**Q** 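Okay, here's the structure, questions in a sec.
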Protein chains: 2
Amino acid sequence: MQLSNTSKYAIRILSYIAKNEDKKLQNAKELSEILEIPYKFLTKIMTDLVNKEFILSIRGREGGYKLARSASTISVLDILNAFNELTHFSECILGSQTCDPQKKCILHDQWAKPRTLIKQMFAETTLEKIEGEDFKT
Amino acid sequence: MQLSNTSKYAIRILSYIAKNEDKKLQNAKELSEILEIPYKFLTKIMTDLVNKEFILSIRGREGGYKLARSASTISVLDILNAFNELTHFSECILGSQTCDPQKKCILHDQWAKPRTLIKQMFAETTLEKIEGEDFKT
DNA sequence: TTTAAATACTACTTTAAGGTAGAAATTAAA
DNA sequence: TTTAATTTCTACCTTAAAGTAGTATTTAAA
């Protein structure tokens, strides 16, 4: 019942870059140190973020990363979906294949409200809205 | 962002047994077929449920399983805790070690309400209260 | 007393996530 | 033009969850 490390890292990376857009480019070495994410794992995630078009990369000396689009257009839900974190989120919480309103699973009604609230929260929270300060592990 | 298979199975197994307490004993072969859980995996989980004192087992021919205590005293939260599903649930959703009210993580405030709601729901939902019908995969 | 039906135990295999290593490719500075 | 700082690619290693296999143990029925 928690997010994958990859998703947690991705959210923290994007948030940090969004909050420091003035600095123009961020590089992997610094991101790794500041966010306390293993360098090699971070670069793997950065490549994902580039491929998924959250991030633009500039290669070579003096290169680095920056947001590919405005922070206000990137929600936490977008990030989680890109990393397939919520693929089964709308399905039965107990994994029942046959769970539907006619034949409800045993947590069907109870789970409905929390699920809606979580999804709304992820959808409404954009990188722009984020106001926290802590980006470390 | 979902429960482990083991937890899902455990909830469904205990719910099914609770709803069929009149039948006295349930055996692994039938549970496996009705709940569509691999037999060998189910027996492993049953042993856990016995050790964690949710279930009493009677060994030997005509043996089987039954609840170790009243369905009204077993909440979904109890089950999830027994399988360590929520060990990090009260911690930072992004895994930040230094997240606290003074130095909030970027989802700190947003996550507070959904988290509370989920935990309350799990705590309030006992095997007795469950009214669903579907126990299959 | 033998047998069959049941749980319990030990150990293994499979799969996916998390993480690491090394080298290639790119590009601006020196 | 060379070098150093950067991203990218390919491949591998590690760990934990999920699932499987075989056998031992227990106990009531036959």
Side-chain angles (χ1 to χ4, degrees), chain A residues 1-13 17 23-33 35-68 80 82-88 94-95 137, chain B residues 1-13 17 23-33 35-68 80 82-88 94-95 137:
Chain A
M1 194 66 180
Q2 54 174 341
L3 301 176
S4 67
N5 276 5
T6 302
S7 293
K8 292 178 194 168
Y9 288 159
I11 294 169
R12 286 168 49 212
I13 292 165
I17 293 176
K23 280 198 199 163
K24 282 292 143 86
L25 290 184
Q26 305 288 339
N27 67 60
K29 184 160 175 292
E30 276 187 23
L31 288 172
S32 160
E33 287 165 359
L35 301 178
E36 294 177 14
I37 299 172
Y39 175 79
K40 283 291 193 176
F41 196 22
L42 179 129
T43 57
K44 184 187 275 187
I45 295 171
M46 293 315 293
T47 302
D48 275 353
L49 290 173
V50 170
N51 292 334
K52 295 171 196 304
E53 300 184 317
F54 290 106
I55 290 285
L56 285 183
S57 68
I58 289 84
R59 299 182 62 166
R61 185 160 185 165
E62 305 288 294
Y65 303 101
K66 63 178 178 182
L67 288 190
L80 295 176
F83 286 91
N84 301 310
E85 187 72 59
L86 301 180
T87 41
H88 299 107
L94 296 182
T137 299
Chain B
M1 195 68 181
Q2 55 175 343
L3 301 176
S4 68
N5 277 4
T6 302
S7 293
K8 293 178 195 170
Y9 289 159
I11 294 170
R12 285 168 49 212
I13 292 165
I17 293 176
K23 281 199 199 163
K24 281 291 147 74
L25 290 184
Q26 305 288 339
N27 67 59
K29 186 162 173 292
E30 276 186 21
L31 288 173
S32 160
E33 287 164 1
L35 301 178
E36 296 178 10
I37 298 171
Y39 175 80
K40 283 292 193 178
F41 196 24
L42 179 130
T43 58
K44 185 187 275 185
I45 294 171
M46 293 315 293
T47 302
D48 275 353
L49 289 173
V50 170
N51 291 333
K52 295 171 195 303
E53 299 183 319
F54 290 106
I55 289 285
L56 285 183
S57 69
I58 289 85
R59 297 182 63 165
R61 188 163 180 161
E62 306 288 294
Y65 303 101
K66 63 179 178 182
L67 287 190
L80 295 176
F83 285 92
N84 301 311
E85 187 72 59
L86 302 179
T87 40
H88 299 107
L94 295 183
T137 300

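For clarity, every value in this text was computed on a predicted model and none was experimentally measured. Heavy atoms only: backbone and side chains are in, while hydrogens, waters and symmetry mates are out. Quick note on labels: first sequence line is chain A, next is B, and so on, each numbered from 1.
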**Q** At under 4.0 Å, does any side-chain N or O of A:Tyr39 touch on OP1 or OP2 of C:dG19?
**A**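 Result: no.
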**Q** Can you tell me the distance, in whole Å, between the CD1 atom of B:Ile13 and the C1' atom of C:dT7?
**A**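 Rounded to whole Å, this separation is 14 Å.
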**Q** Rounding to a whole Å, what distance do you find between A:Asp48:CG and C:dG19:C1'?
**A**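 About 14 Å, once rounded to whole Å.
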**Q** Kindly point out which of D:dA18, D:dT7, D:dA29 is positioned nearest to the side chain of A:Tyr65?
**A**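 Nearest nucleotide to the side chain: D:dT7.
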**Q** Over how many whole Å does the gap from B:Leu25 atom CG to C:dA6 atom C1' extend?
**A**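 Distance, rounded to whole Å: 11 Å.
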**Q** Taking atom NZ of B:Lys66 as the centre, report whether more than 12 heavy atoms of other residues, nucleotides or ligands fall under 6.0 Å from it.
**A**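 Atom NZ in B:Lys66 is not packed in, count stays at 12 or less.
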**Q** Round to the nearest Å and state the distance from A:Glu85 atom CD to C:dA16 atom C1'.
**A**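 So the CD-C1' distance, A:Glu85 to C:dA16, works out to 14 Å.
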**Q** What's the closest nucleotide to the side chain of B:Arg61 if the choices are C:dA5, C:dA8, D:dT7?
**A**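 Shortest atom-to-atom distance from the side chain points to C:dA5.
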**Q** Rounded to the nearest 0.5 Å, what's the gap from CG on A:Leu42 to CD on A:Glu33? Could you check?
**A**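 Here the interatomic distance stands at 11.0 Å.
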**Q** Check the distance between C:dT3's C1' and B:Glu62's CD and give it to me in whole angstrom.
**A**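 After rounding, the reported distance stands at 14 Å.
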**Q** Let me know the distance between CD1 of A:Ile45 and C1' of D:dT7, rounded to the nearest Å.
**A**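 It works out to 15 Å between those atoms.
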**Q** Is it the case that the base of D:dT25 and the side chain of B:Arg59 share a donor-acceptor contact (distance under 3.5 Å, atom types as modelled)?
**A**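 Such a pair is found, so the answer is yes.
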**Q** Between A:Asn5 and C:dG19, is there a side-chain N or O to OP1/OP2 distance below 4.0 Å?
**A**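 Affirmative; the distance criterion is met.
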**Q** Please tell me which of the listed nucleotides, C:dA8, D:dG19, C:dG22, lies nearest to the side chain of B:Val50?
**A**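 Of all the options, the side chain of B:Val50 is nearest to C:dA8.
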**Q** Nearest to the side chain of A:Phe41 - D:dT7, C:dA23, C:dG19?
**A**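 That would be C:dG19.
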**Q** Identify whether NZ of Lys or CZ of Arg in B:Lys44 sits under 6.0 Å from the centre of the six-membered ring of B:Tyr9 and within 45° of that ring's axis.
**A**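 Not satisfied by the 6.0 Å and 45° rule.
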**Q** Under 4.0 Å from OP1 or OP2 of D:dT6: is there any side-chain N or O of A:Ser57 that close?
**A**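 A:Ser57 to D:dT6 OP1/OP2: no side-chain N or O under 4.0 Å.
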**Q** Once you round to the nearest 0.5 Å, how far does CD1 of B:Ile11 lie from CZ of B:Phe83?
**A**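 Here the rounded value is 9.5 Å.
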**Q** Roughly how many Å is it from CG in A:Asn51 to C1' in D:dT8, rounded to a whole number?
**A**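 So the CG-C1' distance, A:Asn51 to D:dT8, works out to 10 Å.
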**Q** Rounded to whole angstrom units, what separation is found between the CG atom of B:Leu42 and the P atom of D:dA18?
**A**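 Result: 14 Å.
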**Q** Reading DNA chain C from 5' onward, which residue's closest nucleotide shows up sooner: A:Ser4 or A:Lys40?
**A**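 Final value for this comparison: A:Ser4.
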**Q** Run through B:Leu25, B:Val50, B:Ile13 and flag the one making a side-chain contact (heavy atoms from CB on, under 4.5 Å) with B:Tyr65.
**A**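 Of all the options given, the one that passes is B:Val50.
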**Q** Below the 4.0 Å mark, does D:dT7 have OP1 or OP2 next to a side-chain nitrogen or oxygen of A:Thr47?
**A**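 No, no such contact exists.
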**Q** Name the residue closer to the 5' end of DNA chain C, choosing between B:Thr43 and A:Lys44 according to the nucleotide with the nearest heavy atom.
**A**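 Whichever sits nearer the 5' end wins; that is B:Thr43.
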